[in-house]
Asks: 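Pasting a structure here, questions to come.
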Amino acid sequence: MKKIAIFAFQDDPMCFIHVLLNALDLKERGIEARVILEGKATALIPLLAAEDHPLHRLWNRVKESGLVDGVCKACSSRMKTLEAAIAQELRLLDEMAGHPSMGRYREDGFDIVTF
């Protein structure tokens, strides 16, 4: 089975919508996909939880599909969204000096895509 890890670094909703849509599309095509929020993208965490945010429903659909692998612990702390990540029960990834390791995903057979 093909596997793709999508690392989202940007906090631009117009960019992030493509992360969400592609994760769902990959899953529908039988490709294992994982979304990882890194860098400034962690600033989106509390915004996406708001019911009036344009991406709220899509974000929930991606989460409910099991496609969100987690968020960078160091970056969400720096962006002051760590508590929001915990409140949404998102997994905190920190195996590489507080950040998620792309190397681990590669070792697990994932191709890496960044947004």
Asks: Under the criterion side chain to side chain contact (heavy atoms under 4.5 Å, CB included), which of I4, V19, D69 is the partner of V35?
Replies: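 Result for side chain to side chain contact (heavy atoms under 4.5 Å, CB included) with V35: V19.
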Asks: Looking only at heavy atoms, what is the nearest atom pair of T42 and L37, with distance?
Replies: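 Of all heavy-atom pairs spanning T42 and L37, the closest is CG2-O, 3.7 Å.
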Asks: If you take all heavy atoms of K27 and S65, which pair is closest and at what distance?
Replies: NZ-O, 3.2 Å
Asks: To check you understand the geometry: which heavy-atom pair defines the closest contact between A85 and L92, and what is its length?
Replies: CB-CD2, 4.1 Å
Asks: Please report the C-alpha distance between L58 and L24 in whole Å, then the side-chain angles of each, then the deciding distance to 0.1 Å, and finally whether the side-chain contact (heavy atoms from CB on, under 4.5 Å) criterion is met.
Replies: CA-CA 9 Å; L58 186 58; L24 289 168; 3.5 Å; yes
Asks: Are the side chains of L26 and E32 in contact, using a 4.5 Å heavy-atom criterion?
Replies: no
Asks: Considering non-hydrogen atoms only, spot the tightest contact between A43 and T81 and give its length.
Replies: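 Heavy atoms of A43 and T81 come nearest at CA-CG2, 3.9 Å.
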Asks: Would a distance-only check, ignoring hydrogens and angles, find a side-chain to backbone donor-acceptor pair under 3.5 Å from K3 to D108?
Replies: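 Yes.
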Asks: Would you find more than 12 non-hydrogen atoms of other residues, nucleotides or ligands less than 6.0 Å from K80 atom NZ?
Replies: no
Asks: Would you find more than 12 non-hydrogen atoms of other residues, nucleotides or ligands less than 6.0 Å from K40 atom NZ?
Replies: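 12 or below, so no.
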Asks: Which of these passes side-chain hydrogen bond (donor to acceptor under 3.5 Å, both in side chains) with W59: Q88, H53, E64?
Replies: Q88
Asks: Are there over 12 heavy-atom neighbours, none belonging to R104, within less than 6.0 Å of that residue's CZ?
Replies: yes
Asks: Linking I/L/V/M/F/W/Y whenever their side-chain heavy atoms sit closer than 4.5 Å, directly or via other members, would L82 and M79 fall into one cluster?
Replies: no
Asks: To the nearest 0.5 Å, how far apart are CG in L55 and CE in M14?
Replies: 9.5 Å
Asks: Would E38 and V71 satisfy side-chain contact (heavy atoms from CB on, under 4.5 Å), going step by step from the backbone distance to the final call?
Replies: CA-CA 6 Å; E38 255 280 24; V71 303; over 6 Å; no
Asks: Charged N to carboxylate O below 4.0 Å: is that the case for E28 and R61?
Replies: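 Yes, this pair counts.
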Asks: So how far is it from E51 CD to R57 CZ, rounded to the nearest 0.5 Å?
Replies: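 Going from the CD atom of E51 to the CZ atom of R57 covers 10.5 Å.
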Asks: Is it true that a side-chain atom of S76 and a backbone atom of C72 form a donor plus acceptor pair closer than 3.5 Å?
Replies: yes
Asks: Mind jotting down which residue pairs meet the side-chain hydrogen bond (donor to acceptor under 3.5 Å, both in side chains) criterion with at least one end in residues 8-26? Sequence neighbours excluded, please.
Replies: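 As it turns out, the side-chain hydrogen bond (donor to acceptor under 3.5 Å, both in side chains) pairs with a partner in residues 8-26, which skip direct neighbours, are D25-R29.
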Asks: Rounded to the nearest 0.5 Å, what separation is found between the NZ atom of K2 and the CG atom of D111?
Replies: 9.0 Å
Asks: Which Ile, Leu, Val, Met, Phe, Trp or Tyr residues join Y105 in one cluster when any pair of side-chain heavy atoms under 4.5 Å counts as a link?
Replies: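 Under the 4.5 Å side-chain rule, Y105 groups with F7, F9, I36, L93, M102, F110, I112.
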Asks: Taking atom types as modelled, is there a side-chain donor on H56 or D52 under 3.5 Å from an acceptor on the other?
Replies: no
Asks: Under the 3.5 angstrom rule, does the side chain of S101 hit a backbone N or O of M96 as a donor-acceptor pair?
Replies: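 No, the answer is negative, given that no donor and acceptor are paired below the 3.5 Å cut-off.
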